[in-house]
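One structure below.
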Number of protein chains: 2
Amino acid sequence: MTERVDIFGDGRAVIYQGDCLEILPTLAPGSVNAVVTDPPYNSGGLFRSDRVRTTRDKYQHTDTARLHANFSGDNRDQRSFLAWAMVWLGMSQQLAAPAAMLAMFSDWRQLPLATDAVQGGGWIWRGIIPWNKTESARPQRGWFRSQCEYIITATNGTLGKEQDREAAMCLAGMWSEPIKASEKVHSTEKPLDLMKWLCGPVRSGGLILDPFMGSGTTGVAAVQLGRKFIGIEIDPGYFKIAHRRILDAAPLFTQRTNDP
Amino acid sequence: MTERVDIFGDGRAVIYQGDCLEILPTLAPGSVNAVVTDPPYNSGGLFRSDRVRTTRDKYQHTDTARLHANFSGDNRDQRSFLAWAMVWLGMSQQLAAPAAMLAMFSDWRQLPLATDAVQGGGWIWRGIIPWNKTESARPQRGWFRSQCEYIITATNGTLGKEQDREAAMCLAGMWSEPIKASEKVHSTEKPLDLMKWLCGPVRSGGLILDPFMGSGTTGVAAVQLGRKFIGIEIDPGYFKIAHRRILDAAPLFTQRTNDP
DNA sequence: TGTAGGTATGAATCCGACT
DNA sequence: AAGTCGGATTCATACCTAC
């Protein structure tokens, strides 16, 4: 029941439509240099009743014109989020090469569970990077605005030698960029610049995996940087969008090689 | 075995020298409008052998001229940190008025434990504020710099009505300010501007509690903002320093009232 | 082309109404 | 009564429209 597409015909970017829990075990162990992904947070609200609403009802104004499609898998409670995340993180770690990197998004509320899941999945947790959305985040009266999302970083084993990663440069530990609503296709889409920066430590030609591809921004970043990419997306609609966006991301001369 | 000093003689700023676990139960329940504190993080490295070293060894280069005194309480393992933090957070919550605020510092490694302790202590966790130390943090070759500390925010019950807090304004959700090592007295001292900003939601005349006063920056902020302050510090040396700094923080005309 | 002014938006949260 | 539901609200910013 899963579809597989080799976007450029040369294995540079391969995407799967289906559940990552089914697809991850079929991939080659030890082949992945980085997992860069933005899973459903299963968050929102102080109470369970705030979580059972659909993503759109939770996060968008009732009168918003630009309504995004809902996405599945965003209604787990805390225990099952932990169990589920630990499973796909463990599967991903089996695919990871030594010293491979993990970068996983979370909001403030799920951060403790997410770091538990990362470590439970066999990764070595190495830090948190805040993404500062600046004043484009919603304000809250009489309290501090929740204006950051967080990227949990980890490695498969030790950080490794320099040849395992791109140029031993020093990267900043935080990213500031507002949300640009008009450029978004997916309601939780991340800025392309941010994803490219996150892929920084992956060596040229390395393979980047995203088990929750969404509209494919990670794939666009990987292709533009000359890294290989494997993406998985459960929703057929977003799968098609990701396919198109990654195809359009390649420089013209490489696309031409497959032109008739 | 505890010392108590009423700094201005009018109850505006009262400090205790001793263990907060002994002193907190002696204070008046329901009297505190905010707990603003920076407890010992007990973080350390990835392994226990890193944790048994003292704070000075971990965080300072051996040839650093400015050697801070080691502060106590930084050698607990994770489970005992959680138990210990839950106890003083619970005691503090007993002292808190309805809708009182909690702001507690943590580093990235202790964040999950700290949020568990906050909730275990009876507070309602409401967010995380990153403090971006900018490029003053040490860079790391081939990886993302760890340049943020975090402030966990919480309330005692609901956010409450506007009269419980200062001006129903919207506050930012992040703070950027480099560390100025030359101005520091304590090795983990926080910028005064940051502490004053954190005290923003406390209404004028409200009481701010800091069970881990250190060199007393929270007290300086409270006094300068016209809030009342109770501080606790276990180390006699820092207790003296805090006493002096808070005394000097008051505007001249108020100090004169106690001059001979 | 440039500027000014109006409007839509945000990986929320609050709170009243209802079951 | 605890649980559930869904509309109202926050404001800096980006975007759109008018002149």
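Hydrogens, waters and symmetry mates play no part in the numbers below; they use all other heavy atoms, side chains included. Chain letters run A, B, ... following the sequence lines, proteins first and then strands; every chain starts at 1.
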Inset, instruction - Can you tell me the distance, in whole Å, between the CZ atom of F144(A) and the C1' atom of dC11(D)? - result: 17 Å
Inset, instruction - Nearest whole angstrom, please: distance from the P of dC14(C) to the CZ of R53(A). - result: 12 Å
Look for any protein N or O under 3.5 Å of an N or O in nucleotides 15-17 of chain D and output each such pair with its distance, or none.
| unit_1 | atom_1 | unit_2 | atom_2 | d |
| --- | --- | --- | --- | --- |
| dC15(D) | OP1 | S182(A) | OG | 3.0 |

Legend entry - Atom-to-atom span, CG of L171(B) to P of dA12(D) - whole angstrom: 12 Å
Legend entry - N or O in side chain of H68(A) less than 4.0 angstrom from dG10(C) OP1/OP2: yes
Inset, instruction - Compare the ring of Y41(A) with the six-membered ring in the base of dA11(C) and state whether they stack (centres under 5.5 Å, planes under 30°). - result: yes
Legend entry - F212(B) ring center within less than 6.0 Å of W84(B) ring center: yes
Inset, instruction - Could I get the full list of side chain to side chain donor-acceptor pair (under 3.5 Å) partners for T155(A), not counting sequence neighbours? - result: R126(A)
Inset, instruction - Respond yes when some side-chain nitrogen or oxygen of Q60(A) is under 4.0 Å from OP1 or OP2 of dT9(C), and no when none is. - result: no
Inset, instruction - Run the ring-centre check on Y41(B) versus W108(B) and record whether the distance is less than 6.0 Å. - result: no
Legend entry - base_contact_polar (dA8(C) base, D63(A) side chain, donor-acceptor, <3.5 Å): no
Inset, instruction - Side-chain contact test, heavy atoms from C-beta onward, threshold under 4.5 Å: evaluate it for D193(A) versus E177(A) and give yes or no. - result: yes
Inset, instruction - Would you please name every residue forming a ring-ring contact (aromatic ring centres under 6.0 Å, His included) with F71(A), sequence neighbours left out? - result: H186(A)
Legend entry - Out of dC14(C), dA11(C), dC11(D), whichever nucleotide has its closest atom nearest the side chain of F71(A): dA11(C)
Legend entry - Atom-to-atom span, CH2 of W108(A) to P of dA12(C) - whole angstrom: 10 Å
Legend entry - Separation of atom CE in M174(B) from atom P in dA12(D), rounded to whole Å: 18 Å
Legend entry - Set of side chain to side chain donor-acceptor pair (under 3.5 Å) partners for R56(A), sequence neighbours left out: none
Inset, instruction - Only stems of 3 or more consecutive Watson-Crick or G-U pairs count here, both distances under 3.5 Å; name the ones for DNA chain C, or none. - result: C:2-10 with D:11-19, C:12-19 with D:2-9
Inset, instruction - With sequence neighbours excluded, tell me which residues meet side-chain contact (heavy atoms from CB on, under 4.5 Å) with R244(A). - result: L247(A), D248(A)
Legend entry - Partner set under side-chain contact (heavy atoms from CB on, under 4.5 Å) for E135(B), not counting sequence neighbours: R145(B)
Inset, instruction - Ignoring the backbone of A65(A), work out which of dT9(C), dA11(C), dT13(C) is nearest its side chain. - result: dT9(C)
Legend entry - Minimum-distance nucleotide to P178(A) side chain [options: dT13(C), dA14(D), dT9(C)]: dA14(D)
Legend entry - Under the ring-ring contact (aromatic ring centres under 6.0 Å, His included) test, residues paired with H68(A) that sit two or more places apart: none
Legend entry - 5'-most by nearest nucleotide on DNA chain C - D74(A) or T158(B): D74(A)
Inset, instruction - Indicate, with a heavy-atom threshold strictly under 4.0 Å, whether Q140(A) touches base, sugar-phosphate, or nothing. - result: sugar-phosphate
Legend entry - Side-chain ion pair, E189(A) and R245(A), N-O less than 4.0 Å: yes
Inset, instruction - Can you tell me the distance, in whole Å, between the NZ atom of K58(A) and the P atom of dC5(D)? - result: 13 Å
Inset, instruction - Give a yes/no answer on whether the side chain of W143(A) brings an N or O atom under 4.0 Å of OP1 or OP2 in dC11(D). - result: no
Inset, instruction - Please work out if T188(A) contacts a base, only the sugar-phosphate, or nothing of the nucleic acid, heavy-atom cut-off 4.0 Å. - result: base
Inset, instruction - Output all residues satisfying salt bridge (charged side-chain N to carboxylate O under 4.0 Å, His left out) with E149(B), sequence neighbours left out; order by chain, then residue number. - result: K133(B), K190(B)
Legend entry - d(NE2, H61(A); P, dT7(C)) in whole Å: 16 Å
Inset, instruction - Identify, with sequence neighbours excluded, every residue that meets side chain to side chain donor-acceptor pair (under 3.5 Å) alongside S80(A). - result: D77(A)
Legend entry - Side chain K184(A) and base dA11(C) donor-acceptor under 3.5 Å: no
Inset, instruction - Counting heavy atoms from C-beta on, name the nucleotide in dC14(C), dT10(D), dA11(C) closest to the side chain of I179(A). - result: dA11(C)
Inset, instruction - List for me each residue that meets salt bridge (charged side-chain N to carboxylate O under 4.0 Å, His left out) alongside K196(A), sequence neighbours excluded, and say none if there are none. - result: none
Inset, instruction - Choose from dT13(C), dT9(C), dT10(D) the nucleotide whose nearest atom is closest to any side-chain atom of R109(A). - result: dT13(C)
Legend entry - Close residues, residues 128-138 of chain A, relative to DNA chain C [heavy-atom separation under 4.0 Å]: K133(A), S136(A), A137(A), R138(A)
Legend entry - Value in whole Å for how far the P atom of dG10(C) lies from CG of D57(A): 13 Å
